[in-house]
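The structure appears right after this line, and notes come after that.
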Amino acid sequence: VGLASFRCPSATSCAPPLLHGVVTKLVEGEHTAALQYKTGDGTAYFLGNGTTGVDVWRLSVQALHADEIVAATWSSSVSGSAVDWAAVPGSPMSVSRELSGGESDSDGAGSLLVRANLPAVRTSTVDTSVQFRIVVNGQPVGVANIGGCPANVCPTVSFHGVAKNLTQGPVPEVAVSVQYRAPAGGTVYFGQPAPGSSSAPRQLTTVASAVKELR
């Protein structure tokens, strides 16, 4: 339900992976969540290998009612070369949702947590900088940047943003989308993994929370 990849510029220094997954329509009862891994080559060390500091790994699960979460996925293979901010090509990564009184404070202001996951991103040339952002009602709330992709294959992009003080009307509607740009030019490919790599859909997940629950 979730996929991430990353590269290690040196044998003892890896960027920490960040990923999420969403499962819907689960029946009531006990369920199991697990984190799995595989390597393209070599040995992976967890919690340090004797030369680096030791951090704590975390696996968190949040159970939500059906009306608290709105999520969507995209599996199409598309490409684009936007220099300025633009929607992800093809069917844009965007969702619309309503906020009910359960997600607002006494002043009628709502809040929203948005998670975006984009596996299988590639570029036409190596070391191409690609930027991403989450936009809620026209305002950016979360950003991510791929500084450069060796061999044209980029680590999975996984990031989030929080939109607060969302004004609610009689029928409150919130527009959420993911945008990208390659400021230096070049083509960006979505949904086209490198040969031999696994593919997973792009994910956009929104979770409505009460203002008093967000700190």
*In terms of heavy-atom contacts, does CZ of R115 have more than 12 from other residues, nucleotides or ligands at under 6.0 Å?*
no
*So, does T123 use its side chain to make a donor-acceptor pair with the main chain of T125 at under 3.5 Å?*
yes
*Taking the inter-plane angle between the rings of F132 and F190 on a 0 to 90° scale, is it parallel (under 30°), tilted (30 to 60°) or perpendicular (over 60°)?*
perpendicular
*Between the main-chain N or O of A86 and the side-chain N or O of Y180, is there a donor-acceptor pair closer than 3.5 Å?*
no
*For R202, does its backbone N or O pair with a side-chain atom of T73 as donor and acceptor, under 3.5 Å?*
no
*Of all the heavy-atom pairs spanning V95 and A72, show the shortest one and how long it is.*
CG1-CB, 3.7 Å
*Would you check, one step at a time, whether the test side chain to side chain contact (heavy atoms under 4.5 Å, CB included) holds for N145 with S129?*
CA-CA 7 Å; N145 179 35; S129 176; 3.3 Å; yes
*For the residue pair I146 and Q131, establish whether any side-chain heavy-atom pair is separated by less than 4.5 Å.*
no
_Set out, in order, the CA-CA distance, both residues' side-chain angles and the distance that settles side chain to side chain contact (heavy atoms under 4.5 Å, CB included) for H31 and L26, then state yes or no._
CA-CA 9 Å; H31 300 274; L26 291 175; 4.0 Å; yes
_Given V70, which partner from the list T206, V176, V114 fulfils the side-chain contact (heavy atoms from CB on, under 4.5 Å) test?_
T206
_Minimum heavy-atom distance between V78 and G90, given as atom pair plus value_ = CG1-CA, 3.8 Å
*State the CD1-CG distance between I134 and L204, to the nearest 0.5 angstrom.*
7.0 Å
*Hey, does the side chain of S79 reach the backbone of Y189 with a donor-acceptor pair shorter than 3.5 angstrom?*
no
_I need the single residue from V207, V141, L113 that forms a side-chain contact (heavy atoms from CB on, under 4.5 Å) with H160. Which is it?_
L113
_According to a hydrophobic-cluster definition based on side-chain heavy atoms being under 4.5 Å apart (Ile, Leu, Val, Met, Phe, Trp, Tyr only), do V130 and V135 belong together?_
no
_What's the separation between atom CD in Q139 and atom NZ in K164, rounded to the nearest 0.5 Å?_
15.5 Å
_Would the distance check show the side chain of W74 and the main-chain N or O of Q203 forming a donor-acceptor pair, the cut-off being under 3.5 Å?_
no
*Between T128 and G185, which heavy-atom pair has the shortest distance, and what is it?*
CG2-O, 3.8 Å
_Inter-residue atom distance Q179.CD - W85.CH2, 0.5 Å rounding_ = 7.0 Å
*Shortest non-hydrogen contact from P183 toward V83*: O-CG1, 3.5 Å
*At what distance, to the nearest 0.5 angstrom, does CG of L112 lie from CG of N165?*
12.5 Å
*Nearest heavy atoms of A116 and V178, plus distance in Å*: CB-CG2, 3.9 Å
